Amino acid sequence: MDMTEGCDEALMAQAGEILRRGGLVAFPTETVYGLGGNALDPEASAKIYSAKGRPSDNPLIVHIASFDALPAIVSSMPAEAEKLAKAFWPGPLTMILPRGERVPLETTGGLDTVAVRMPDNDLALALIRAGGGYVAGPSANTSGRPSPTKASHVMEDLGGKIDAVIDGGSTGIGVESTIVDLTEDVPVVLRPGYINMEMLRKVIGEVRMDKGLTSDDPSVRPKAPGMKYRHYAPKADMVIVEGKRENVIRTINRLAAEDIRRGRRVAVLTTDEGAGAYPMGLVVSVGTRKDEITIARHLYDSLRYFDKAGVDSVYSEAFDTPQVGGAVMNRLLKAAGHRVIMADEE
Ligand code: TXA
Ligand code: MG
């Protein structure tokens with residue numbers, strides 16, 4: 001079944017029925033496409049892991065359609081949870097809370113905490129309601145590939161392995177939700193997203209960033225199990241070049257020329273502002289620095305495009321923009337396997 005934008009009630013009821021029977025339906029959210037299954041059904045969760053090829057110790061996010069649905073799946077509710085929900089739900093924020101008994105351990109990867117979010121997308125909310133109120137939804141990609149931001153990405157990865165895809169067009173934000181853990185003394189961000197530290201601090205005061213996300217020491221593990229895996233990576237060797245704009249351009253052009261001389265196919269990841277500055281290789285603009293969300297929105301599509309184009313090396317500018325730059329750079333660094341070089345000085 002393939003549903004188009006503004007899908008009608010009968011089709012939505014059918015999709016809900018698939019979920020209630022334990023099947024899998026991929027759906028759009030404001031961040032990326034999710035792979036939905038009934039979060040309270042351990043067999044549905046097992047199917048999700050198997051369709052994605054995902055390790056089963058990597059917990060799933062439970063998607064809900066109303067705040068009233070929350071108490072039934074958590075064992076207690078920290079005061080900050082209510083404040084954050086009021087401020088950001090529906091929206092790109094996932095909260096880690098103490099797990100309620102109704103949520104099977106299969107859904108939480110064996111953990112006694114549960115991740116919950118209410119997505120800001122009408123099709124997602126309608127599907128959650130039609131499916132019984134609790135939809136487990138990891139990103140709808142094969143484990144290790146970039147998250148899908150279009151229905152066609154979902155089909156590339158999971159076509160034939162799932163029961164239905166709801167096509168809601170391209171997703172607006174393009175990087176996964178911010179995850180904040182409210183089971184610690186001080187709330188901790190386990191995954192950066194569109195909702196950044198500053199926005200969280202305005203609502204709940206003190207917030208920390210998980211040390212595992214920023215430390216150079218590989219023995220300091222991120223707390224979100226999913227953040228430890230190699231992820232989002234294109235098949236090509238990817239390097240991020242940081243520094244002053246002119247130096248970055250000169251350095252990338254030097255490296256690209258060297259690679260091309262050695263017979264390698266080269267791509268450059270830049271923005272509209274830089275696209276004219278690279279005479280060699282496949283030049284891809286991810287968005288515009290004048291509207292930073294366009295960079296987040298097209299990041300994964302660009303990474304998938306490099307695979308299709310079959311390039312051997314990718315040189316990327318850094319996109320450390322004010323609001324969503326932290327989230328974008330977190331994904332870009334993973335895609336590059338943390339290979340960052342400083343641009344040549346003049
Ligand atoms: O924007 C999003 O959050 C998307 C859309 C579909 O909602 N979903 C998504 O799910 O990104 P997924 O499964 O690809 O990423 C969930 C992340 C993983 O890194 C996982 O380890 C972490 O959340 N996580 C889930 N439950 C957790 C828990 N109880 N404690 C710590 N981390 C948890
Ligand atoms: Mg994912």
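Note that these values count all heavy atoms, side chains included, but never hydrogens, waters or copies made by symmetry. The structure presented is a predicted model; accordingly, all values stated were derived computationally and were not measured. Count residues from 1 along the sequence. Ligands are counted one by one from 1 in listed order, and the atoms in each one are counted from 1 as well.
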Query raised in the report: Can a salt bridge be assigned to the pair Asp344 and Arg250 using a cut-off of 4.0 Å between side-chain N and carboxylate O?
Result: no
Requested in this report: Please round to the nearest 0.5 Å and tell me the distance separating atom CZ of Arg208 and atom CE of Met197.
Outcome: 9.0 Å
**Report entry** Presence of salt bridge, Arg117 and Glu176, under 4.0 angstrom
**Finding:** no
Query raised in the report: Are Glu43 and Lys47 ion-paired here, with the side-chain N under 4.0 Å from a carboxylate O?
Result: no
Requested in this report: Could you list all the side-chain hydrogen bond (donor to acceptor under 3.5 Å, both in side chains) pairs where at least one residue sits in residues 87-108, not counting sequence neighbours?
Outcome: Ser45-Thr107, Thr94-Ser177, Arg99-Asp112
Query raised in the report: Polar-atom distance check: Asn58 versus ligand 1, any N or O pair below 3.5 Å?
Result: yes
Query - All side chain to side chain contact (heavy atoms under 4.5 Å, CB included) counterparts of Arg289, not counting sequence neighbours - result: Thr271, Glu273, Ile295, Glu317, Phe319
Query raised in the report: Which of the atoms of ligand 1 are close to Leu111, meaning less than 4.0 Å from one of its heavy atoms?
Result: 28 (C), 29 (N), 30 (N)
Query - Side chain, backbone, both or neither: the part of Arg117 lying under 4.0 Å from ligand 1 by heavy atom - result: side chain
Report task. Consider every N or O of Gly226 and every N or O of ligand 1, then say whether any pair is closer than 3.5 Å. Result -> yes
Query raised in the report: Just distances here: any N/O of Thr113 and N/O of ligand 1 closer than 3.5 Å?
Result: yes
Requested in this report: Select the closest option to atom 8 (N) of ligand 1 among Gly137, Gly34, Gly110, judged by heavy-atom distance.
Outcome: Gly137
Query - Met155, CE: over 12 other non-hydrogen atoms inside 6.0 angstrom - result: no
Report task. Provide the number and element of each atom of ligand 1 under 4.0 Å from a heavy atom of Glu176. Result -> 1 (O), 2 (C), 11 (O)
Query - Per-residue contact class, Ile179 against ligand 1 - non-hydrogen pairs under 4.0 Å - result: side chain
Query raised in the report: Short list, please: which atoms of ligand 1 are under 4.0 Å from a heavy atom of His63?
Result: 5 (C), 6 (C), 7 (O)
Query - Side-chain ion pair, Arg264 and Asp312, N-O less than 4.0 Å - result: no
Report summary line: Per-atom filter on ligand 1: closer than 4.0 angstrom to a heavy atom of Ser177 are 1 (O), 2 (C), 3 (O)
Query - Part of Arg54 within contact of ligand 1 (heavy atoms, under 4.0 Å) - result: side chain
**Report entry** the Mg ion (ligand 2) reached by Ser139 (N, O or S, under 2.8 Å)
**Finding:** yes
Query raised in the report: Going through the checks in order, is the salt bridge (Lys or Arg N to Asp or Glu O under 4.0 Å) test met by Asp307 and Arg145?
Result: CA-CA 10 Å; Asp307 282 353; Arg145 294 213 75 206; 3.2 Å; yes
Report summary line: Ile61 heavy atoms within 4.0 Å reach ligand 1 at atoms 3 (O), 8 (N), 9 (C), 10 (O), 16 (C)
**Report entry** salt bridge (Lys or Arg N to Asp or Glu O under 4.0 Å) partner of Asp157, the single match among Lys150, Lys52, Arg304, Arg54
**Finding:** Arg304
Requested in this report: State whether the shortest distance between N or O atoms of Tyr33 and N or O atoms of ligand 1 falls below 3.5 angstrom.
Outcome: no
Requested in this report: Output the list of atoms in ligand 1 that are nearer than 4.0 Å to some heavy atom of Leu190, sorted by atom number.
Outcome: 31 (C)
Query - Close N or O approach (Thr29, ligand 1; < 3.5 Å) - result: no
Query raised in the report: Does CG in Asp122 sit with more than 12 non-hydrogen atoms of other residues, nucleotides or ligands closer than 6.0 Å?
Result: no
Query raised in the report: Between Thr108 and ligand 1, which residue portion shows a heavy-atom distance shorter than 4.0 Å: side chain, backbone, both, or neither?
Result: neither
